[in-house]
Amino acid sequence: MEKLIIGQHVSFKNNTQLVGSVKEALSYQANTFMFYTGAPQNTARKEINLELTKEGQEMMQENGIDIHHAIVHAPYIVNLANSANSDFGIRFLKEEIKRCEQLGISKIVLHPGSHVGIGIEEGIKNIIEALNHVLEDSSDVQVLLETMAGKGTEIGSCFEEIKSIMSGIQKKTRIGVCLDTCHIHDAGYDITNFDEVLEKFDQIIGLKNLKCVHINDSKNVIASHKDRHENIGYGTIGFDQLLKIIYHEKLKDVPKILETPYVSIDGGKDRTYPPYKFEIEMIRNKKFNPNMIEEIREYYK
Ligand code: FE
Ligand code: FE
Ligand code: ZN
């Protein structure tokens, strides 16, 4: 039986680093994971601890987690489309790629950026120039451009824009794509006909460049350009549709990562708990659980 490659966003804490991330993933019965190497909203980063890395890698091996399925996400404040701060962005991403190497991780997801008024074309030019600098090093780590919802002035909300960026990258083997289901739905792709969307992706970008899929339901209707994730089966995309994507034959070797919202215990923002153990269970059972939210509350109470 072939194995579904499924995981979720996990934390990467200064004191436990990779060991903590692997343990968290295992606690959800996942066989992969994605994390920020520090806070997503800033670029303060601790040095990678070699002992924790070794221990984490061993733990992955013992539990059948292929390190090539694990993924780092670049902090979302890096904006290569806006030339004003791209020197900083380039420097930071180069260091981030080094951290990936130290951890043994081969893929880093990046939001292409927002043009903040200078226009899509200029924005794309900036991204290409900056990324070519980032990729000057001799590393093998791949940068995966994420498909975006098109919120504000975000670049990358259609396959053509992603393709334009890729076309300008000199080191083709260093660039790939991460498809986010909530984002493409919010961007206007009708994923009730996912085969057609995938066909389009293949024609424009090439399916072989698809290295990661973010599995999220959406709080908003198609083409809303909102980018608000919802728990699996609780949003406008729906469980059956997401299941078709998760188990799609053409995507079977691509890691699937959940980035769904934490569930609030009391309706407030202070006590929220991860839905992943429960979502992965639903996905493995191929059966929607309409009581999931209550069960999560009960479990973490
Ligand atoms: Fe992202
Ligand atoms: Fe995403
Ligand atoms: Zn998102």
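Because the structure is predicted, anything quoted here is derived from the model rather than measured. Read the numbers this way: they start at 1 and go in the same order the structure lists the ligands and their atoms.
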> Does Tyr299 have Lys277 sitting over its ring (NZ/CZ under 6.0 Å from centre, angle to axis within 45°)?
Replying inline: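 Yes; both conditions hold, so Lys277 lies above the ring face of Tyr299.
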Sidechain-backbone polar pair: [X] side chain, [Y] backbone, donor-acceptor under 3.5 Å:
{"X": "Thr260", "Y": "Glu230", "result": "no"}
{"X": "Asn79", "Y": "Ser114", "result": "yes"}
{"X": "Lys172", "Y": "Met166", "result": "yes"}
{"X": "Glu161", "Y": "Ile155", "result": "no"}

> At distances under 2.8 Å, what protein N, O or S atoms surround the Zn ion (ligand 3)?
Replying inline: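 The answer is His183 NE2, Asp227 OD1, His229 NE2.
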Rounded to the nearest 0.5 Å, what separates atom [atom1] in [X] from atom [atom2] in [Y]?
{"X": "Asp186", "Y": "His229", "atom1": "CG", "atom2": "NE2", "answer": "8.0 Å"}
{"X": "Phe159", "Y": "Tyr189", "atom1": "CZ", "atom2": "OH", "answer": "4.5 Å"}
{"X": "Arg228", "Y": "Lys151", "atom1": "CZ", "atom2": "NZ", "answer": "10.0 Å"}

> In total, how many protein N/O/S atoms does one find closer than 2.8 Å to the Fe ion (ligand 1)?
Replying inline: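 My tally for this metal is 3.
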> In terms of ring plane angle, is the pair His214 and His73 parallel, tilted or perpendicular, where the classes change at 30° and 60°?
Replying inline: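 Geometry flag for His73 against His214: parallel rings.
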